[in-house]
Protein chains: 2
Amino acid sequence: MDTQHYLQAAERLCAANGGKLTELRRQVLELVLGYPGVVKAYQVLADLQRDRGAAAPPTVYRALDYLAQYGMLHRVDALNGYIVCHHFECSHQALILACEQCGGVEELDADATFQSLSQTTARAGFVPRAQSLVLTGSCKHCHS
Amino acid sequence: MDTQHYLQAAERLCAANGGKLTELRRQVLELVLGYPGVVKAYQVLADLQRDRGAAAPPTVYRALDYLAQYGMLHRVDALNGYIVCHHFECSHQALILACEQCGGVEELDADATFQSLSQTTARAGFVPRAQSLVLTGSCKHCHS
DNA sequence: TAGGTAATGTTATACAGTAACATCCGCGGT
DNA sequence: ACCGCGGATGTTACTGTATAACATTACCTA
């Protein structure tokens with residue numbers, strides 16, 4: 001999916017949730033799209049300051065939170081960063097593989113895994129919130 | 001396992017890895033043990049300052065890192081905190097269930113789950129590092 | 001056009017983590 | 001006993017991450 005179609009799909013997703021892909025959100029989404037892997041909030045902030053002259057942390061955090069809330073981005077806790085989700089239109093659970101060596105990130109569909117996890121946690125009476133699972137490790141290019 | 005036996009086991013674990021459960025590390029471990037769920041580094045720092053008069057962030061982070069390195073604690077990225085592992089003596093993968101409502105944390109053994117995850121990631125050529133998986137959601141006392 | 005709501009701007013600050021270097025302390029070798 | 005070494009801790013200062021609180025704007029609608 002190229003950037004144009006991606007952004008159109010993002011607009012539809014926002015609209016479907018009663019919101020809008022505002023100029024700021026679109027700009028932030030494009031910035032994150034421009035990075036191959038995980039991006040930090042303050043990197044986006046710096047880019048934003050370069051592009052539009054002024055921006056403060058809340059500005060970028062609000063946009064990132066919004067985009068993550070509806071699945072266009074995934075927050076990667078282990079890395080304090082964000083990655084683009086390239087298939088938010090299909091309902092899915094994401095399994096994010098973050099390489100500790102090269103910083104690269106890959107996303108797998110993990111509906112089946114999530115099912116099996118849910119069964120495990122059900123025995124403890126625990127209901128997991130739909131979310132992204134993150135594994136750190138080494139990717140195929142990096143493991144020695 | 002009561003605190004006395006737990007600390008003795010911790011001492012053994014440190015020794016087995018060529019280290020020591022120093023006074024500072026023991027103190028930090030006891031502090032974390034005193035909390036029912038997840039604890040933040042700066043909470044431990046405050047406790048430490050109360051108990052011994054002075055302490056700076058590196059002091060507590062070094063101790064926490066050491067304890068987590070050998071499995072006495074687990075770091076919970078999603079919450080920027082740490083929890084005690086009550087069964088570090090059995091080799092295991094931890095599956096941590098963190099309740100978003102009450103802040104409570106439960107830990108399950110997840111060797112089987114980790115196996116299945118590894119199989120999934122192997123198809124992408126990815127080798128996950130042994131680590132703790134964290135799921136957020138709602139525990140049996142809290143889901144409405 | 002007044003009033004409400006969502007979004008954004010602004011300031012300040014809280015919270016999290018680490019770099020760099022100084023000091024101490026226990027221990028093996030002589 | 002003394003030296004020298006390495007691990008652990010202390011200290012200072014800083015960088016990075018995130019949010020609270022409030023002001024302002026933009027836009028829709030009654």
Side-chain angles (χ1 to χ4, degrees), chain A residues 10-11 13-29 31-32 38-70 72-83 100 103 134 136, chain B residues 10-11 13-29 31-32 38-70 72-83 100 103 134 136:
Chain A
E11 270 178 35
L13 179 60
C14 293
N17 286 287
K20 274 179 288 192
L21 186 66
T22 61
E23 175 60 19
L24 172 66
R25 291 169 183 164
R26 191 187 55 70
Q27 200 172 353
V28 167
L29 187 51
L31 285 170
V32 181
V38 67
V39 202
K40 309 279 204 138
Y42 272 65
Q43 180 61 57
V44 176
L45 178 57
D47 293 350
L48 215 51
Q49 286 168 339
R50 168 172 48 70
D51 291 354
R52 49 156 56 196
T59 300
V60 63
Y61 277 104
R62 284 193 284 236
L64 290 170
D65 288 349
Y66 181 88
L67 296 169
Q69 179 181 356
Y70 295 114
M72 287 161 277
L73 302 182
H74 294 299
R75 174 169 166 81
V76 185
D77 286 322
L79 307 173
N80 290 331
Y82 298 82
I83 62 171
E100 292 177 313
V134 181
T136 54
Chain B
E11 270 177 33
L13 180 60
C14 293
N17 287 288
K20 275 179 289 194
L21 186 66
T22 62
E23 176 60 18
L24 172 66
R25 290 167 183 167
R26 193 188 53 70
Q27 200 170 353
V28 166
L29 186 52
L31 286 170
V32 180
V38 68
V39 202
K40 308 278 204 141
Y42 273 64
Q43 181 61 58
V44 176
L45 177 58
D47 294 349
L48 215 51
Q49 286 168 338
R50 168 173 46 71
D51 290 354
R52 49 156 56 194
T59 299
V60 63
Y61 277 105
R62 283 192 284 236
L64 290 170
D65 287 350
Y66 181 88
L67 297 168
Q69 179 182 356
Y70 295 114
M72 287 160 277
L73 302 181
H74 294 299
R75 175 170 164 79
V76 185
D77 285 323
L79 307 172
N80 290 332
Y82 298 82
I83 62 172
E100 293 178 311
V134 182
T136 55

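Note on naming: letters A, B, ... go to the chains in the order of the sequence lines (proteins, then strands), and numbering restarts at 1 for each one.
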Task: Salt-bridge contact B/Arg50-B/Asp47 (side-chain N to carboxylate O under 4.0 Å) - done: yes

- [ ] Verify, without hydrogens or angle tests, whether B/Arg25 (side chain) and B/Lys20 (backbone) share a donor-acceptor contact under 3.5 angstrom.
- [x] yes

Open item on the list: So A/Thr22, base contact, sugar-phosphate only, or nothing? Heavy-atom distance under 4.0 Å.
Closed with: sugar-phosphate

Open item on the list: Between P on D/dT19 and CG on A/Leu64, what's the gap in Å once rounded to a whole number?
Closed with: 11 Å

TODO: May I have the distance from A/Leu24 (atom CG) to D/dT25 (atom P), rounded to whole angstrom?
DONE: 17 Å

Task: Whichever of B/Lys20 and B/Asn80 has its nearest DNA chain C nucleotide further upstream toward 5' - done: B/Asn80

Open item on the list: I'd like to know if B/Arg62 reaches the base of D/dG7 with its side chain such that a donor and an acceptor end up less than 3.5 angstrom apart.
Closed with: no

TODO: Send over the distance from B/Gln43 CD to C/dA14 P, rounded to a whole Å.
DONE: 16 Å

Task: Rounded distance (Å) that lies between atom P of C/dA14 and atom CG of B/Leu45 - done: 16 Å

Open item on the list: As a test of reading the structure: which of C/dT10, D/dA18, D/dT19 is closest to the side chain of A/Ala41, going by heavy atoms?
Closed with: D/dA18

Task: Between D/dA18 (P) and A/Leu79 (CG): distance, integer Å - done: 11 Å

TODO: Please state how far atom CD in A/Glu23 lies from atom C1' in D/dC27, giving the value in whole angstrom units.
DONE: 16 Å

- [ ] For the side chain of A/Tyr61, starting at C-beta, report the closest nucleotide among D/dT9, D/dA18, C/dT11.
- [x] D/dA18

Open item on the list: Quick check for you: among C/dT11, C/dG17, C/dA19, whose closest atom lies nearest to any side-chain atom of A/Ala56?
Closed with: C/dT11

TODO: Would you indicate, yes or no, if C/dC15 has its OP1 or OP2 atom less than 4.0 angstrom from a side-chain nitrogen or oxygen of B/Lys40?
DONE: no

Task: For atom OH of B/Tyr66 and atom P of C/dT18, their distance in whole Å - done: 19 Å

Open item on the list: Is the shortest side-chain heavy-atom distance between A/Arg52 and A/Leu48 below 4.5 Å?
Closed with: yes

Task: Minimum side-chain heavy-atom gap B/Tyr61-B/Tyr42 below 4.5 Å - done: yes

Open item on the list: In this structure, how many angstroms lie between the P atom of D/dG7 and the CG atom of B/Leu21, rounded?
Closed with: 18 Å

Task: Beyond-backbone contact of B/Asn80 with B/Arg75, side-chain heavy atoms, under 4.5 angstrom - done: yes

TODO: Please indicate yes or no: is the ring centre of A/Tyr42 less than 5.5 Å from the centre of the six-membered base ring of D/dT17, with the two planes inclined by under 30 degrees?
DONE: yes

TODO: Have a look at A/Arg75 and say if it touches a base, only the backbone sugar-phosphate, or nothing, with a 4.0 Å heavy-atom cut-off.
DONE: sugar-phosphate

